[in-house]
Trainee: 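Pasting a structure here, questions to come.
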Amino acid sequence: MLRAARASAWGNGMLKVLREPDEMHAAVDAWRGAGRTIGFVPTMGALHEGHFALIERARTECDITVVSIYVNPLQFGPSEDFARYPRPIEADLAACESLGVDLVLHPPEAVMNPPGYATFVNVERLSVPLEGERRPDHFRGVATIVTKLLNLARPHRAYFGQKDAQQAIIVGRLVADLNVGTEVVCCPTIRAADGLAKSSRNVYLDADQRRQAPALYRGLQEALARFEAGERRAGNLRDAARAPIEASAALRLDYVAAVDPADMTVWPDDAEVGNRALLAVAAYAGATRLIDNQMLPADAPLL
Ligand code: AMP
């Protein structure tokens, strides 16, 4: 449907794609000067329903919707999937156009990481556990590029997915610490019918891995059910979340952790979680890394 929409509508001037900072600033400053609010959705492309939900939220809450598409090499480790990360730019632009996006920022490497580039943003403490521990420099890469993108888009609001909960927390912190002047909005995780969180990386899964991948979601739901029944012991909540993953031959558990989303402190197994906890999980299906999480209680805000 999205491809058909592009074939008929692309080229009518509704969607602008900009690659140079001066052009981006001219566009967003003109909108700001006219008193229009700018909503910004940073992405690495290979857009799916999770991204679409962020875009739709931005469209609902802001006058102008800006999406960035940039596969950020700084956030990939040397043995990770940067080279093979999907880059279906034509389909992504078609999707943006049919969703009513006003501007796509698609900066080249020469803009994001020019010769002589030397400035990095490191959000201390919050970047240390969980994904930070497994993926050294990942959040330094995310924080640096998100800061640059916010400086390019100058948005009133920026939309991030709960799916990448630690990332949303880190971005919230850097925006506050550096007085960026953007409101960070965290949006719910969008899932397939069987519970698997939508991800650009799901295309890597073979049929068996795809069938077993919802074990992450099932484990989190089991832990949530225990929490709702009164369980507070971190170790017991972790055990509930890990059981379906460990029972899935195609999956290899990386971690399950109960953390305080205010400061990313990990609760030890024998501690009781607070009244707002983030249960985060990571597992491998072959070489593909899957992450997911659940707030406890379910209606507690992440940020
Ligand atoms: P990415 O392109 O993977 O860097 O993701 C761009 C944004 O989309 C991030 O804020 C992600 O958290 C968000 N996102 C990715 N997958 C989902 C999902 N299934 N539901 C909601 N947001 C998502």
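Counting starts at 1 for both ligands and their atoms, following the listed order.
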Trainee: For atom 5 (O) of ligand 1, what is the closest protein heavy atom, and at what distance to 0.1 Å?
Mentor: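 Minimum-distance protein heavy atom for atom 5 (O) of ligand 1 reads His51 NE2, 3.4 Å.
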Trainee: Answer yes or no: is there a donor N or O on one side and an acceptor on the other, between the side chain of Arg276 and the main chain of Leu302, under 3.5 Å?
Mentor: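 Here the side-chain-to-backbone pair exists.
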Trainee: Report yes or no: does a heavy atom of Gln167 sit under 4.0 Å from some atom of ligand 1?
Mentor: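 Heavy atoms of Gln167 do come under 4.0 Å of ligand 1.
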Trainee: Under 3.5 Å between some N or O of ligand 1 and some N or O of Lys198?
Mentor: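 There is such a contact, yes.
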Trainee: Is there a side chain to side chain donor-acceptor pair (under 3.5 Å) between Gln209 and Tyr284? Walk through the geometry before answering.
Mentor: CA-CA 10 Å; Gln209 292 166 345; Tyr284 285 93; over 6 Å; no
Trainee: Same cluster or not: are Val67 and Met44 linked, directly or through other Ile, Leu, Val, Met, Phe, Trp or Tyr residues, by side-chain heavy atoms under 4.5 angstrom apart?
Mentor: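 Not linked; separate clusters.
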Trainee: At less than 4.0 angstrom from any non-hydrogen atom of His48, what atoms of ligand 1 do you find?
Mentor: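 Matching atoms, with element in brackets: 15 (C), 16 (N), 17 (C).
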Trainee: Quick check: does Ser200 get an N/O under 3.5 Å from an N/O on ligand 1?
Mentor: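 No, no N or O pair falls under 3.5 Å.
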Trainee: Do any nitrogen or oxygen atoms of Asp164 lie less than 3.5 angstrom from nitrogen or oxygen atoms of ligand 1?
Mentor: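 Yes, since at least one N or O of Asp164 sits under 3.5 Å from an N or O of ligand 1.
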Trainee: Report yes if Gly161 has an N/O atom closer than 3.5 Å to an N/O atom of ligand 1; otherwise report no.
Mentor: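 It does: an N or O of Gly161 is found under 3.5 Å from an N or O of ligand 1.
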Trainee: Looking only at protein heavy atoms, identify the closest one to atom 20 (N) of ligand 1 and say how far it is in Å.
Mentor: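 Ranked first by proximity to atom 20 (N) of ligand 1 is Ile190 N, 2.8 Å.
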Trainee: Are Arg157 and Phe40 in a cation-pi contact, defined as NZ or CZ under 6.0 Å from the six-membered ring centre and within 45° of the axis?
Mentor: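 No, Arg157 does not lie over the aromatic ring of Phe40.
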Trainee: Considering only heavy atoms, does Leu54 approach ligand 1 within less than 4.0 Å through its side chain, its backbone, both, or neither?
Mentor: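 Just the side chain.
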Trainee: Please confirm whether the backbone N or O of Glu131 pairs with a side-chain atom of Gln166, one donor and one acceptor, at under 3.5 Å?
Mentor: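 A pair under 3.5 Å: yes.
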Trainee: Does Arg87 make a cation-pi contact with Phe82, if we ask for NZ or CZ under 6.0 Å from the ring centre and within 45° of the axis?
Mentor: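 That pair qualifies as a cation-pi contact.
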Trainee: Among protein heavy atoms, which sits nearest to atom 6 (C) of ligand 1, and what does the distance come to when rounded to 0.1 Å?
Mentor: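 Atom 6 (C) of ligand 1 sits closest to the protein heavy atom Pro42 O, 3.3 Å.
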Trainee: Do side-chain atoms of Ser248 reach the backbone of Ala250 as a donor and acceptor pair under 3.5 angstrom?
Mentor: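 Side chain of Ser248 to backbone of Ala250: no pair is present.
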Trainee: Please say whether Met44 places an N or O atom under 3.5 Å from an N or O atom belonging to ligand 1.
Mentor: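 Checking ligand 1 against Met44, an N or O pair does fall under 3.5 Å apart.
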Trainee: As a test of understanding, state which of Arg210, Arg218, Arg211 forms a side-chain hydrogen bond (donor to acceptor under 3.5 Å, both in side chains) with Asp194.
Mentor: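 When Arg210, Arg218, Arg211 are each tested with Asp194, the side-chain hydrogen bond (donor to acceptor under 3.5 Å, both in side chains) holds only for Arg210.
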Trainee: Has Ala168 got any heavy atom lying under 4.0 angstrom from an atom of ligand 1?
Mentor: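 Ala168: no contact with ligand 1 (<4.0 Å).
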Trainee: Is it true that Leu47 and Val104 fall in one hydrophobic cluster, defined by side-chain heavy atoms closer than 4.5 Å?
Mentor: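 Result: yes, single cluster for both.
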Trainee: Regarding ligand 1, does Phe160 bring an N or O atom to under 3.5 Å of one of the ligand's N or O atoms?
Mentor: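 In fact, backbone or side chain, Phe160 has no N or O that close.
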Trainee: In terms of relative ring orientation, are Phe120 and Tyr117 parallel, tilted or perpendicular, with 30° and 60° separating the classes?
Mentor: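 Ring orientation of Phe120 relative to Tyr117: perpendicular.
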Trainee: Can you name the atoms of ligand 1, numbered from 1 with element, that are less than 4.0 Å from a heavy atom of Thr43?
Mentor: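 In order of number, 2 (O), 6 (C).
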Trainee: Within the 4.0 Å heavy-atom shell around Thr189, which atoms of ligand 1 are there?
Mentor: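 Counting from 1, the qualifying ligand atoms are 20 (N), 21 (C).
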Trainee: Check Ser199 against ligand 1 and report side chain, backbone, both or neither, counting heavy atoms closer than 4.0 Å.
Mentor: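 Answer for Ser199: neither.
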Trainee: Under the 3.5 angstrom rule, does the side chain of His51 hit a backbone N or O of His48 as a donor-acceptor pair?
Mentor: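 Flag set: sc His51 to bb His48 pair under 3.5 Å.
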Trainee: From the options Pro188, Cys187, Ala53, select the one whose nearest heavy atom is closest to atom 21 (C) of ligand 1.
Mentor: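 It is Pro188 that holds the nearest heavy atom.
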Trainee: So is Arg191 touching ligand 1 or not, going by heavy atoms under 4.0 Å?
Mentor: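 Under 4.0 Å: no for Arg191.
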